[in-house]
Amino acid sequence: MKKSWPILSYEKGKPTYETLQLWTQILGKIKLATLPWANHSWNSTLHITPTGLSTQNIPYANKDFQIDLDLLSHQLRIVTSLGEIKNFDLHHLNVADFYKLIFEKLNELEIKIEIMTTPSEIENPIPFELDTVHKTYDNSQAEKFHEALSSIQDVFMVFRRDFIGKSSPIHFFWGGFDLSLAFFSGQKAPKHPGKIPGLPDWVLQDAFSHEVSDFGFWTGTEIYPEAAFYCYLYPEPSGYKNIKVMPEEAFYNETLGQFILPYTAVQNAENPEAMLLEFLRSTYTLGTQLANWETDLWEENRNFKKAIL
């Protein structure tokens, strides 16, 4: 039985998304303050689980710990390799409450961490410890968000199979609040100009150090207030915006500099997985041909399952 693709409404979900984004930023900054740096900031990203979002394993002193944002039981949970568990309920919390509680629980576990409390990639940010503005957590919106992420990740896994070059994990960036997957050509790229609010230029220059085809999903923004899939190339080759990608619902957004496929088109499709795969494969194939990527980075229908089993 195929997974369902929930209806997502940016208008209805926006207050919950904004609160969740700030909560996930606190989790991501804890990883950033604890783990060794990895190229493209992959050390700090979150990951989709059957119940929500997770930091995955973080080593600290004489133990390891993990923080899970459970969007089904609606709890924040911290577990350690010593069998310790701390949790708290997500309801009726503003960002300042969440920040206070998570560090209280970490301190109880004798995990002492300090983070930069200014949110990243957000206009006019409010420090976490002072933010009593963002305080909406709607169970239904959180559950639909997680359900969508889970279904999307499944399709990204299939798409990623055939690319044999350097590829990112499928992971959740808490800065932009997007699920992301990146393929690299192996060739160095021009220095990125940076200039994203709340993000040091060197972080972007590291992220875009090499030619990249980036794919992802976000719940919507003020610029494009609708959940959508995106794809872009850096650097963008001449004529990129004029190529005709599939499916027909996809289009190039001049303001964003990305190809966009509305989530609603996929959610309403007879075969959502097939439509999303068509978009991902079409934008990759046509875009990288235009950018003169090596064709041997892609091996269609690779299948090692029988050999392994």
Side-chain angles (χ1 to χ4, degrees), residues 28 32 37-48 120-121 152-153 155-218 221 224 228-243 245-246 250-261 276-300 302:
L32 197 59
W37 178 261
N39 60 171
H40 314 300
S41 64
W42 293 343
N43 62 308
S44 68
T45 58
L46 302 181
H47 297 270
I48 312 304
S120 301
E121 300 184 50
I152 294 162
Q153 178 174 248
V155 178
F156 278 16
M157 286 180 180
V158 175
F159 173 56
R160 187 173 184 257
R161 174 194 61 198
D162 295 325
F163 185 77
I164 62 172
K166 176 181 175 180
S167 170
S168 76
I170 301 166
H171 50 196
F172 191 83
F173 275 117
W174 40 267
F177 204 60
D178 58 326
L179 189 67
S180 179
L181 171 63
F183 294 164
F184 295 86
S185 74
Q187 301 299 312
K188 288 188 175 181
K191 188 175 182 180
H192 195 282
K195 310 306 179 188
I196 288 184
L199 195 63
D201 288 351
W202 72 265
V203 175
L204 281 167
Q205 288 157 4
D206 176 70
F208 293 96
S209 60
H210 290 69
E211 294 177 347
V212 62
S213 183
D214 215 336
F215 315 88
F217 163 82
W218 32 243
T221 66
Y224 188 83
F229 302 95
Y230 64 79
C231 175
Y232 62 86
L233 274 170
Y234 182 80
E236 182 178 305
S238 176
Y240 181 66
K241 65 183 67 175
N242 298 318
I243 60 177
V245 302
M246 297 297 288
F251 62 94
Y252 186 87
N253 184 292
E254 293 273 358
T255 303
L256 296 170
Q258 301 173 353
F259 279 100
I260 296 294
L261 175 63
L276 179 52
L277 270 175
E278 183 179 36
F279 174 70
L280 298 171
R281 288 170 174 164
S282 173
T283 51
Y284 171 82
T285 301
L286 296 175
T288 57
Q289 284 176 355
L290 197 62
N292 295 314
W293 283 29
E294 296 292 339
T295 58
D296 62 2
L297 293 171
W298 188 265
E299 291 188 5
E300 193 75 34
R302 292 193 307 141

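Basis for what follows: all heavy atoms, side chains included, without hydrogens, waters or symmetry-related copies.
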Has the side chain of T221 got a donor or acceptor atom that lies under 3.5 Å from a matching backbone atom of Y224?
yes
Below 4.5 Å, heavy atoms only, C-beta onward: do F208 and P235 meet side chain to side chain?
no
Once rounded to the nearest 0.5 Å, what's the spacing between atom CZ of F279 and atom CD1 of I260?
6.5 Å
Under the side-chain contact (heavy atoms from CB on, under 4.5 Å) criterion, do T288 and F183 qualify, and how do the steps go?
CA-CA 10 Å; T288 57; F183 294 164; over 6 Å; no
The single option from I243, L261, V245 that satisfies side chain to side chain contact (heavy atoms under 4.5 Å, CB included) with S282 is V245
For the residue pair F159 and F215, is the inter-centroid distance of their aromatic rings smaller than 6.0 Å?
yes
Of the non-hydrogen atoms in A182 and V212, which two are nearest, and what is the gap between them?
CB-CG2, 3.8 Å
Under 6.0 Å between the ring centres of W298 and Y284?
yes
Any chance you could measure S180, atom OG, to F156, atom CZ, to the nearest 0.5 Å?
7.5 Å
Counting only heavy atoms not in E236 (residues, nucleotides, ligands), do more than 12 fall under 6.0 Å from its CD?
yes
What pair of heavy atoms forms the shortest contact from S120 to W174, and how long is it?
OG-CZ3, 4.0 Å
Got V203 and E121 here, is their nearest side-chain heavy-atom distance under 4.5 Å?
no
Measuring from atom CD1 of I152 to atom CG of L181, what distance do you get when rounded to the nearest 0.5 angstrom?
12.5 Å
Ring geometry between H40 and F184 (parallel below 30°, tilted from 30 to 60°, perpendicular above 60°)
parallel
Check whether any side-chain heavy atom of F173 lies under 4.5 Å from a side-chain heavy atom of W42, and answer yes or no.
yes
Aromatic ring proximity, centroids under 6.0 angstrom, Y240 and Y232:
no
Distance-minimising heavy-atom pair for H192 and Q205
O-NE2, 3.0 Å
Mark yes or no for whether Y234, through its side chain, and P190, through its backbone, hold a donor-acceptor pair below 3.5 Å.
yes
Say you draw a straight line from CZ of R281 to CG of L286; how long is it, rounded to the nearest 0.5 Å?
13.5 Å
Quick check: closest heavy atoms across A291 and L233, and the distance to 0.1 Å?
CB-CD1, 4.3 Å
Quick check against the 3.5 Å criterion: does S44 have a side-chain atom that pairs as donor or acceptor with the backbone of L32?
no
Distance check, rounded to the nearest 0.5 Å: D162 atom CG versus L297 atom CG?
12.5 Å
State whether the side chain of E211 and the backbone N or O of A189 hold a donor-acceptor pair below 3.5 Å, judged by distance alone.
no
Hey, what do you get for NE2 (H210) to OG (S185), rounding to the nearest 0.5 Å?
8.0 Å
Tell me the closest heavy-atom pair linking G28 and L46, and the distance in Å.
N-CD2, 4.4 Å
Going by the angle between their ring planes, with limits at 30° and 60°, are Y230 and W218 parallel, tilted or perpendicular?
parallel
